[in-house]
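This chain uses plain numbering: 1 for the first residue, then up along the sequence. Computed from heavy atoms alone, side chains included, the values below leave out hydrogens, waters and symmetry copies.
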Amino acid sequence: MDMSDAHPEPEQTQSPVEPLYTHPASPFMRTESNLPPQVSDMPGPPRLPVQSTWITYRAQIEIGLALLAYMMFVVGSVTILRANPDAPWRYVVAVVPVAPAALVLFFFARRLARLDELQRRIQIEAFGFSLAATALITFAYGFLEGAGLPHLNWTYILPLMAALWAIGAAIFTFRYR
């Protein structure tokens with residue numbers, strides 16, 4: 001017999017070895033973990049960087065700023081034209097608001113080009129609805145003007161078209177849900 005301090009190895013027949021995961025999870029059984037306890041000072045899982053408002057809402061911000069510039073130019077143009085009705089440069093001042101309006105259209109077209117296929121289809125169908133409805137309404141009103149209704153300014157056509165586009169977009173978005 002060996003007189004060393006080492007513990008004798010148990011024979012295989014003494015106690016059966018329990019396979020891993022033999023105990024089901026139980027609220028009454030305490031489980032041990034090999035991981036050290038987490039301390040609040042330790043860094044946690046990596047967090048995704050928060051995107052800035054500019055990146056997330058870039059198209060809306062650009063279109064909004066261009067619309068704001070358009071409204072400011074319209075107010076300024078009308079104010080200058082009313083103060084100087086006989087000035088030789090009045091035609092130039094009258095068309096100055098077209099520049100920010102063209103910028104709005106540029107940003108809008110760029111936004112449409114970046115849409116996915118379904119959204120692009122919805123917008124195209126909404127635009128078709130808007131175009132057809134605007135044509136019918138203005139055509140009908142032209143006949144009503146001949147019957148005695150007052151003449152309307154052409155500047156009402158674009159807001160009518162935009163409102164009908166919004167209605168068409170709502171209809172077709174609901175349709176494709």
Worked check of salt bridge (charged side-chain N to carboxylate O under 4.0 Å, His left out) between Arg121 and Glu117: CA-CA 6 Å; Arg121 180 180 179 131; Glu117 293 163 1; over 6 Å; no

Pairwise distance CG(Leu118) to OG1(Thr173) - rounded to 0.5 angstrom: 8.0 Å

Heavy-atom donor-acceptor pair, Ser130 side chain to Leu164 backbone, under 3.5 Å: no

Minimum heavy-atom distance between Tyr70 and Pro97, given as atom pair plus value: CD1-O, 3.3 Å

Pairwise distance CD1(Ile63) to CG(Leu103) - rounded to 0.5 angstrom: 9.5 Å

Side-chain heavy-atom pair Arg120, Leu112 within 4.5 angstrom cut-off: no

Side chain proximity check, Trp89 to Asn84, heavy atoms < 4.5 angstrom: yes

Shortest non-hydrogen separation from Arg90 to Pro85 and the atoms involved: CD-O, 3.2 Å

Donor-acceptor pair, side chain of Thr79 and main chain of Val75, under 3.5 angstrom: yes

Contact list for residues 131-146, test side chain to side chain donor-acceptor pair (under 3.5 Å), sequence neighbours left out: Glu145-His151

pair Leu67-Phe108: side-chain heavy atoms closer than 4.5 Å: no

CZ on Phe172 to CD on Glu125, rounded to 0.5 Å: 5.0 Å

CD on Gln119 to OH on Tyr176, rounded to 0.5 Å: 11.0 Å

Closest non-hydrogen atom pair, Ala169 against Ala126: N-CB, 3.3 Å

CZ-CD1 distance between Phe174 and Ile122, expressed to the nearest 0.5 angstrom: 12.5 Å

Closest approach of Ala66 to Pro100 (non-hydrogen atoms, all atoms of both residues): O-CB, 4.0 Å

Test item: Val96 and Ile80 side chains (from C-beta on) under 4.5 Å apart, heavy atoms: no

Minimum heavy-atom distance Ser77-Val93, with the two atoms named: OG-O, 2.8 Å

Inter-residue atom distance Arg111.CZ - Gln123.CD, 0.5 Å rounding: 9.0 Å

